[in-house]
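Notes follow the structure.
Chain letters run A, B, ... following the sequence lines, proteins first and then strands; every chain starts at 1.
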Amino acid sequence: MFTQQLVNGITEGSLFALIAISFSLVWGLLKLVNFAMGEIYMFGAYAGWIVVSYITPNLFLALLAGFAVGWGLGWIVEKVAFKALRGVPHIASLVCTIGFSFLFKEIAAAIFGAQTKAMPSFYSSTALVVAGANVSWLQIFMVALAAAMMLLLQLLFYGTKIGLGVRAVALDYRTAGLMGIKVDRVTSIAFSLSGALAAFVGVLAAIYYNAINPYMGFVPGIKGFTAAVFGGITSIPGAILGGYLLGIIENMSVQFVSSGYKDFVSYLLLIVFLLFRPNGILGKKAKL
Amino acid sequence: MISISRKYRLVLQLCVGLLLIALPYLLGNQYFVRIATMIGIYVVLASSLNLIIGFTGMYSLGHGAFYGIGAYASAILSLSLHWPFWVTMPLAGLFTAMVGAFLGLATLRLRQTFLVFGTLAFGEIVRILIMNWNSLTRGPMGIPGIPVPSLFGFSFKNFSNYYYLVLVFAALVVFLIARLYRSRVGRAWVAIREDEVAASTMGVPVFGYKVLAFTISCLFTGLAGAFYGHFVRYISADQFGMNESFLILTMVALGGTGSIIGPVIGAVILMLIPELFRFLAQYRSVLYGAILILVIVVKPEGLAGVKGLFVPPSGTARFHFRKQKIDSAAEGQAGGGAA
Amino acid sequence: MQNRMIALLSAVLVLVGGASLWAAGGTDNTIHIALTAPLTGDYAEYGVNFQRSVQMGIDEINAQGGVLGKKYVLSVGDSRGDPKESVSLAQKWTSDPSIVAEIGDFTSSCCLASQPIYDAAGMVQLSPTASATTFTPGSVWSFSIVGTQAYEQPFMADLAFNKLKIKRMAILFINNDWGMDTQKFFKENFEKIGGKIVAVESFFQGEKDFNAVLTKLKESKPDALYMATMYNDGALISLQRQKMGWDIPVLGPSSLYSTELTKLGGSSVNGLYTNVSFFAKDTDPRVQAYVTGFQKRFGATPNFHAALAYDAIYILTEAIRRAGSTDKQAIRDALAGIKGFQGLTGTITFTPNRDAIKGYKAVQVVNGDFKLLK
Amino acid sequence: MILEIRDLEKRFGGLVAVNKVSLSVAEGTTHAIIGPNGAGKTTLFNNISSIIPADSGQVVWRGERIERLPPQKVSAKGISRTFQNIRLFGYMSVFDNVLTGTHNQYKSFVWAAVSHNARYRREDKEGRAFVMDILEKVGLVDKREEYARNLSYGEQRKLEIARALAARPQLLLLDEPAAGMNTAETEEFDRFIRELRREGLTLLLIEHDMKLVMSLADKITVLDYGSKIAEGTAAEIQNDERVIEAYLGKRRV
């Protein structure tokens, strides 16, 4: 049972880890939280759902559609909540993203209806059995995909010009601007990327859980955020570690504490961590 | 600030006061009186959160939980020990303040930005505790039948009566907060908001005053919870979740941080919008989100807030994480720079 | 700045005051009733079904000439599943002199929160679905037609223990007022007749990952799993259970009865036992008329909750007809006196506590379809 | 001696910002600290005012060690300061900025603030009168309702000193008070400082304007790379080899 819970935790953890990266990206650049992240995730799931149920039952196309929709929504949120509000109090941007969270949820409910919709499953057959724990192809695929995504991001940040720009802006906004980096463009791209990532995870989650509805984003949004803080919100490896740890801790606390207290355990751990390691497990100074 | 002449202001306050007193008669309808009462409770909530956000420059995303602690404390005391509202209400406030003080002592040394996460997690912990602690809180079943307060045989069951009760309470809280704001204590808070290091060299014990602000804010929030519980007479955990924290935060931001009247306006508007647009049925929530975004984009400082507050003159507020080496080291030592 | 704001504030208040003036009214040949339902938020899909069914019933009754020669006018309010909103709506309805009765809300906590308002104002609060045992005893104005879990769960316990010969049961319930009640009554009754509950676990509204709880429940080696959940969560749980390779009989209360369960759950819900008091495949012509009418108009098959709302408007109509007037007290008394009302969800007779005892029929999902159990 | 610093040391990572510096300030004198940029002058001030505690060494105030006290306690002892990069309370009125400076002198707390009791009224009246006196002295009376951030640079410098004076300090630490001032302003500032000195205030001053330093300082300490390289009167310092070296670079022999 322990191994089964570990497998469950790691699978759930890959979802958390990817959302955590989204939060981490925005935080690193703007020191801000996008509370509409969960809703972008939800719209991604709907985009994937439209593709597989109306166009073609192709998993990769669905993921791509989610990515694209998330990119667009991230771009919109950035333009309104952050760019238009540059140089104004933090709290304004924060409240603006809360407004977006409301708006997205209810727009989705108005367009698609509030009913939970079925999402077909892919690769759900058992791939292997490890110490009595079933592991499905989808679970392997998810973990692999999460790993690939993280690798890709590292490559992006450390191997490309735009990545260099993102790191520079994260380090020092003003100096980066003086050095000729197009700060607005870099922020916009990073923000859209974070949205795209969240929506991408939305599609994955929809396939994993086989269901979508307009209010599905709230819990993963909060969990992703928690994971990001857990691992160190200023660092992407930290966010990933936080995601997996949170997934494993939650599943283990169901097993060894009680299902009613699983969130309690993770939030308590979060507070304790904040007290003794305010920058998270891997977080140091602004490092991406 | 644009200052109005004292005389003019007094006349205005008198007019508003009279209007508020005459309100139940003007409105006639119990539905509107109820909304007015709820607005009163939210005026308290928003004003006390403003004490933290607007005056002292800290964050709290856990105020929904403090609100719930107050409501539950008063409800449980009055139902299990049959104490009157006039005893349970202040006790609930004190208890909430105590919890707030403990949380403050634990987390206020953290960098301000981490306070956001700390309070958010705390809010969730409280909600989960309420949901699971069946023997005390009846868990998800909620607590029905909370008694209506009465005073010397005079019952507040009638909404108009309760309205006056809440009116007195809200007016008192706003008055107290205004007095604190204009006192030595309030100046210390604003000094902390503006520059912690400078405040400490001017003799302000930064940490102590932060905890004080947090505690007082929680006291008022807990009291508001008690007033709420005895008003609706049924409370359940889902009434005090994260959405509630967000709602209160939104009221402060929309009305205007750092001013006395701002949160009041925010509470009035955000309570009225959903009622005014009821005829839109499911599209009402879409509109709510849209209005929120629009107002914030047009007036980021809030409707009655101080323009540009929290933004250093250079205008690169949120990007000033790395100033001079000595500077950031100083901030680190003194417990964090501006968020 | 400040004075402008205060002026604005007073203007708004005056506006609200003015608005109250035109809110009154209601002419002689209409009957105004109100519906409170969560049209947005977590419970929106149930609330929307409420609205559809009640609107459908009203349109039918109006088409037949209305009741007492008067036509219905329906006011709908969105409570978002938030008790505060529900209370606010209750206040709105009771403050409107033209409204004579209210149908709603969906969740028990919303109903409980608004109960004092209806009680104080003296207006019928007829909830199709509120099943908390504390609800209807709380006020003589409160009615519920779903039948509380105190009646339904003994039936399910009997089905499980005596008919299906299940000795060891694991329970998974949604941690809200309804789920708490459901699991409590099932547990009590199942243990009373000799069964053993080997594990009880819960989850919160909005959670999508049940792998951990299922893994833990599996460990307790039960004969069957009892899901005290709504159909959408039930479908998700079944899917994840199937993927885990945990093959076990599954039972659950009537909230699982919905064509959506089989649509969402696919093959994973095959073999699931539940009970119905409303059955869409019922040969009763009234049920068929309702189901086809609903399908034609909204493109969906009505579920148990939708049918309950439909029954609510008809039983209210019956009460108004018997009362012979739209006096609120008369309507309440007539409603309380209704016995043996033939609804789509079975025969409804109000107990002295104003909740309903229903007849229950066991059903099983066979090849993606609900079949009555012999 | 009003203030004695003994072997104070502060490191940032590998950088030794203050390297075993000792100096003493006599009561009623004006003591200047000079040195090239990055010599550790501001860090020394931060150590004294406890914003950044020193790693080792002692800060002795009238015979009492204060290096472990928090900044507000140091302030309460009678040490007040200004900052190199002006740190005013931007969104506070000029008047309130100075009034905040009086924080330590009064005891009004929450109860007094909300009840407006006798003590509050007395302290409030007293404090406001005192602040008006100070504002008059620095010439900011007309600007008292303005937000501090809306003042000109020179006015902000004055306001910062006014705020520091509101704490009724016995020792005032001034960190480059004349930076960015033009000649006329500097002269006015010179007069202002002399007046403070006449009132018996002890001053410790970091300044780059040598003319000002030479005219004001009774004693000058020179820091370079965190270490004290010279100390003495204006005349002594002007002729000190090592000082000239530090400022102009090593002279070829």
Side-chain angles (χ1 to χ4, degrees), chain A residues 1-9 11-12 15-16 38 102 105-106 109-110 113-121 124-126 129 133-134 136 138-139 205-206 208-220 222-223 247-248 250-263, chain C residues 38-49 78 80-81 172-173 175 180 199-220 230-240 242-246 258 260-266 268 298-300 303:
Chain A
M1 283 306 141
F2 182 84
T3 39
Q4 182 67 60
Q5 293 292 25
L6 199 66
V7 170
N8 296 340
T11 320
E12 209 183 354
L15 296 178
F16 291 163
F102 251 98
K105 258 194 293 229
E106 299 307 339
Q115 232 99 11
T116 305
K117 290 193 161 43
M119 182 89 176
S121 52
S124 59
S125 56
T126 305
V129 178
N134 285 325
S136 72
L138 184 67
Q139 284 176 313
Y208 184 49
Y209 300 128
N210 305 110
I212 53 172
N213 81 28
Y215 305 101
M216 66 190 280
F218 181 74
V219 173
I222 294 299
K223 290 288 163 62
I248 293 166
E250 284 207 345
N251 282 272
M252 288 301 165
S253 47
V254 168
Q255 182 71 31
F256 299 109
V257 186
S258 151
S259 49
Y261 281 100
K262 79 167 191 196
D263 291 356
Chain C
L39 301 178
T40 59
D42 283 339
Y43 299 102
E45 52 183 304
Y46 313 103
V48 170
N49 271 336
D78 172 19
R80 296 201 292 234
L172 177 55
F173 72 98
N175 200 343
M180 198 75 182
V200 181
E201 292 293 333
S202 66
F203 64 94
F204 287 108
Q205 170 74 39
E207 279 179 30
K208 295 275 180 282
D209 197 309
F210 304 101
N211 287 308
V213 265
L214 286 172
T215 305
K216 189 174 182 189
L217 287 172
K218 186 181 178 185
E219 205 180 345
S220 65
M230 295 284 139
Y231 61 82
N232 46 8
D233 291 329
L236 254 79
I237 293 166
S238 298
L239 279 167
Q240 291 175 28
Q242 188 186 37
K243 281 185 194 168
M244 274 173 57
W246 187 24
S258 165
E260 289 291 314
L261 177 82
T262 49
K263 221 188 268 174
L264 292 169
S268 69
F298 307 113
N303 58 15

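- The shortest heavy-atom contact between D209(C) and K262(A) is O-NZ, 4.3 Å.
- Heavy atoms of K223(A) lying under 4.5 Å from chain C are absent altogether.
- At a cut-off of 3.5 Å, with distance as the only test, no side-chain donor of T11(A) or N211(C) sits close to an acceptor on the other residue.
- Of the listed residues (I212(A), N213(A), V219(A)), just one forms a side chain to side chain contact (heavy atoms under 4.5 Å, CB included) with K208(C), and that residue is N213(A).
- When heavy atoms are compared at a cutoff of 4.5 Å, Y46(C) does not approach chain A at all.
- Using a 4.5 Å cut-off between heavy atoms, K263(C) touches chain A through its backbone atoms (N, CA, C, O) alone.
- Contact of E201(C) with chain A is made through backbone and side chain together, with heavy-atom distances under 4.5 Å.
- For a residue to count as touching a neighbouring chain, one of its non-hydrogen atoms must lie under 4.5 Å from one of that chain's; by this rule L264(C) touches chain A with backbone and side chain alike.
- V213(C) and S259(A) get closest at one heavy-atom pair: CG1-CB, 3.4 Å.
- Interatomic distance, NZ of K216(C) versus OG of S258(A), reported as 6.0 Å (0.5 Å rounding).
- Residues passing the ring-ring contact (aromatic ring centres under 6.0 Å, His included) test with F203(C), sequence neighbours excluded: F210(C).
- Here Y209(A) is the residue among F218(A), Y208(A), Y209(A) with the most heavy-atom pairs under 4.5 Å with chain C.
- Residues satisfying the ring-ring contact (aromatic ring centres under 6.0 Å, His included) criterion with Y261(A), sequence neighbours excluded, are F264(A).
- Residue E106(A) touches chain C through its side chain alone, counting heavy-atom pairs closer than 4.5 Å.
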E45(C) vs T116(A), side-chain hydrogen bond (donor to acceptor under 3.5 Å, both in side chains): CA-CA, chis, key distance, verdict
CA-CA 8 Å; E45(C) 52 183 304; T116(A) 305; 3.0 Å; yes
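- For F204(C), the part lying under 4.5 angstrom from a heavy atom of chain A is the side chain only.
- Atom CD of Q4(A) and atom NZ of K218(C) lie 6.5 Å apart (nearest 0.5 Å).
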